[in-house]
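Reading through the structure tokens given below for one structure.
Numbers here simply count residues along the sequence, with the first being 1. These values consider heavy atoms only, across backbone and side chains, with no hydrogens, waters or symmetry-generated copies.
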Amino acid sequence: MMEKDAKIYVAGHRGMVGSAICRALEKNGYTNIITRTHKELNLCRQEAVETFFAEEKPEYVFLAAAKVGGIMANSQAQADFMYENMTMEMNVIHSAWQNGCKKLLFLGSSCIYPRMAPQPMKEDCLLTSELEQTNEAYALAKISGLKYCAYLNQQYGTDYISVMPTNLYGPNDNYHPTHSHLLPAMIRRFHEAKEAGLTEVACWGTGTPRREMMYVDDLADACVYLMNTYSGDETVNLGTGVEHTIKEIAELVAKVVGYTGKITWDTTKPDGTPRKLLDVSKLEGLGYKYTTELEDGIRLAYDDFLNNPMRAER
């Protein structure tokens, strides 16, 4: 168990996941949370990261920092996604080990699993067949991070764990019109269509792929819970075990936003992975289950969008 006054470093605290982890830690009474902005500490600079760890000596680390984006961003900048993610995670994990960090939690992504993995995807299907091409670079970087944690455990006896979240949404999300993920992109698109009085909104693909969505505060609660209760080399899937078609998600978002126009589908655009449902039996067996249902979570996310004055720039 993490001591309530232990020095805890949350890497990526300004992002959606990192900020949720900070909220979860504070809610659970942790009082010594360390953060650094990108301007204060560039995690892609090895010397800077090594200096930070040598000076601060955090006892626990939540590695939530990452370069993230949707299908378009991943497809257009594969080299950037691989370099930045692999560099920052290797710098942080290695420096944590060098400075005697008691425990580290590495956040990956469900995109690490094969494109055509049996559904729902169990943790042991990793590296059993080819990845989805549209986010292969990001997936390879995340696989490297979780493998490095496991290798450190095996070689040096560390206690570093990896978790693989499903698709996330919620407060402090990225609502950029081209570089955001599925649900925040829909929130922005339907909101702007409603404001402009548009009678029709076009969404990418066919609407038939199925996606699992998890509210980010549920994810953060699970991370804190596992940091206190789980040790092992194998990753743990973090999700709901519930899936919806992209068409169903779009209709839910439109309902919450109050958009009453027609939703069409641009089939010239890619669908991405046909189905991506995590098997969460291991997580539930460890004693954690999500609490926020999708429509309730979308309402909370839309409230965040409306109260985020920087949404147009992100």
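- A distance-only check finds no donor-acceptor pair linking the side chain of K194 to the backbone of T260 [under 3.5 Å].
- Atoms CD1 and CG, from I187 and L182 in turn, are 10.0 Å apart once rounded to the nearest 0.5 Å.
- Residues K142 and E89 are in side-chain contact: their nearest non-hydrogen atoms beyond the backbone lie under 4.5 Å apart.
- The closest side-chain heavy-atom distance from R299 to K255 is below 4.5 Å.
- The two atoms that bring D221 and K27 nearest to each other are OD1-NZ, 2.9 Å, heavy atoms only.
- The two residues M227 and L105 make their nearest non-hydrogen contact at CE-N, 3.7 Å.
- Donor-acceptor pairing under 3.5 Å is recorded for the side chains of D304 and Y175.
- Using a 4.5 Å cut-off on side-chain heavy atoms (C-beta onward), Q78 and E136 make contact.
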Next on the checklist: Test side chain to side chain contact (heavy atoms under 4.5 Å, CB included) on L283 and L226; report intermediate values, then the result.
Outcome noted: CA-CA 9 Å; L283 175 66; L226 291 175; 4.1 Å; yes

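- Of the candidates Y148, W97, Y151, W97 is the only one forming a ring pair (Phe, Tyr, Trp, His ring centres under 6.0 Å) with Y156.
- Other residues, nucleotides and ligands place no more than 12 heavy atoms under 6.0 Å from the NZ atom of K122.
- The side-chain tip of K67 points at the ring of F81 from less than 6.0 angstrom away and within 45° of straight on.
- Contact detail for N172 and R14: the closest heavy-atom pair is ND2-O, 2.5 Å.
- Note on L126 and L131: same hydrophobic cluster, where clusters join Ile, Leu, Val, Met, Phe, Trp and Tyr whose side-chain heavy atoms are under 4.5 Å apart, directly or indirectly.
- Here the CE-OG1 distance, from M82 to T87, works out to 10.5 Å after rounding to the nearest 0.5 Å.
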Checklist entry - Should R211 and I246 be marked as a side chain to side chain contact (heavy atoms under 4.5 Å, CB included) after you check the CA-CA gap, both sets of side-chain angles, and the distance that decides it? => result CA-CA 7 Å; R211 293 292 181 267; I246 291 177; 4.0 Å; yes

Item to check | Working for side chain to side chain contact (heavy atoms under 4.5 Å, CB included), residues Q98 and E50 | outcome: CA-CA 9 Å; Q98 283 185 316; E50 290 177 344; 3.9 Å; yes

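- When atom types are taken as modelled, the side chain of Y259 and the backbone of E200 share a donor-acceptor pair closer than 3.5 angstrom.
- With contacts defined as side-chain heavy-atom distances shorter than 4.5 Å, the pair T208/T245 does not qualify.
- A side chain to side chain contact (heavy atoms under 4.5 Å, CB included) with T292 is found for exactly one of D217, D218, L219, namely D218.
- Residue pairs that meet the ring-ring contact (aromatic ring centres under 6.0 Å, His included) test with at least one member in residues 266-303, sequence neighbours left out, are H191-Y302.
- Judged purely by atom type and a 3.5 angstrom limit, T158 uses its side chain to pair as donor or acceptor with the backbone of L152.
- W204 and L198 fall into different hydrophobic clusters, where Ile, Leu, Val, Met, Phe, Trp and Tyr are joined by side-chain heavy atoms under 4.5 Å apart, directly or via other members.
- Judged by distance alone, with hydrogens and angles left aside, the side-chain atoms of N42 form a donor-acceptor pair with the main-chain N or O of C44 at under 3.5 Å.
- For the pair K147 and L127, the minimum side-chain heavy-atom distance is below 4.5 Å.
- Applying the 6.0 Å contact sphere to CD of E130 captures no more than 12 heavy atoms from other residues, nucleotides or ligands.
- For T35 against E40, the heavy-atom pair with the smallest separation is O-OE1, 4.4 Å.
- Residue Y160 holds its OH atom at 8.5 Å from CG of N153, rounded to the nearest 0.5 Å.
- The shortest distance between side-chain heavy atoms of R210 and L277 does not fall below 4.5 Å.
- Annotation: side chain of I263 is in contact with side chain of F190 (closest heavy-atom distance under 4.5 Å).
- For Q119 (side chain) and A117 (main-chain N/O), a donor-acceptor pair under 3.5 Å exists by modelled atom type.
- S95 places no side-chain N or O within donor-acceptor distance of the main-chain N or O of V92, the cut-off being under 3.5 Å.
- The structure places CD1 of I8 at 4.5 Å from CE of M2, a figure rounded to the nearest 0.5 Å.
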Next on the checklist: Show, in sequence, the C-alpha distance, side-chain angles and deciding distance for H13 and I33, and conclude whether the side chain to side chain contact (heavy atoms under 4.5 Å, CB included) test is met.
Outcome noted: CA-CA 10 Å; H13 75 287; I33 303 167; over 6 Å; no

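- Hydrophobic clustering of Ile, Leu, Val, Met, Phe, Trp and Tyr side chains at less than 4.5 Å, counting indirect connections, keeps Y83 apart from M90.
- Atom NZ of K262 is surrounded by 12 or fewer heavy atoms from other residues, nucleotides or ligands within 6.0 Å.
- Taking all atoms of both residues into account, the shortest heavy-atom contact from K103 to D159 is CG-O, 3.0 Å.
- In this structure, the separation between CE on M121 and CE on M116 is 11.5 Å, given to the nearest 0.5 Å.
- Salt-bridge check for E251 with K247: passed, with a basic side-chain N closer than 4.0 Å to an acidic carboxylate O.
- Salt bridge annotation for E243-R275: present, with a cationic side-chain nitrogen under 4.0 angstrom from a carboxylate oxygen.
- Rounding to the nearest 0.5 angstrom, the gap separating the OH atom in Y30 from the SG atom in C22 is 13.5 Å.
- Under a 3.5 Å cut-off, the side chain of N91 and the backbone N or O of L43 do form a donor-acceptor pair.
- In summary, the side chains of E3 and Y60 do present a donor paired with an acceptor at a separation below 3.5 Å, with no hydrogens or angles considered.
- Looking only at distances, no side-chain donor or acceptor of N85 sits under 3.5 Å from a matching main-chain atom of A66.
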Listing, residues 163-171 side-chain donor-acceptor contacts under 3.5 Å, not counting sequence neighbours, or none:
from, atom 1, to, atom 2, distance (Å)
T166, OG1, E212, O, 3.1
T166, OG1, E212, OE1, 3.1
N167, ND2, E212, O, 3.0

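- Inter-residue side-chain proximity for R188 and D173 is flagged as unmet; no heavy-atom pair is nearer than 4.5 Å.
- The neighbour count for E47 CD, taken as heavy atoms of other residues, nucleotides or ligands under 6.0 Å away, does not exceed 12.
- Taking each heavy atom of I93 and G145 in turn, the nearest pair found is CD1-O, 3.9 Å.
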Please output the side-chain donor-acceptor pairs of residues 106-115 that fall under 3.5 Å, not counting sequence neighbours, one pair per line with the distance.
from, atom 1, to, atom 2, distance (Å)
S109, OG, C111, N, 3.2
Y113, OH, N237, OD1, 2.6
R115, NH1, E132, OE1, 2.3

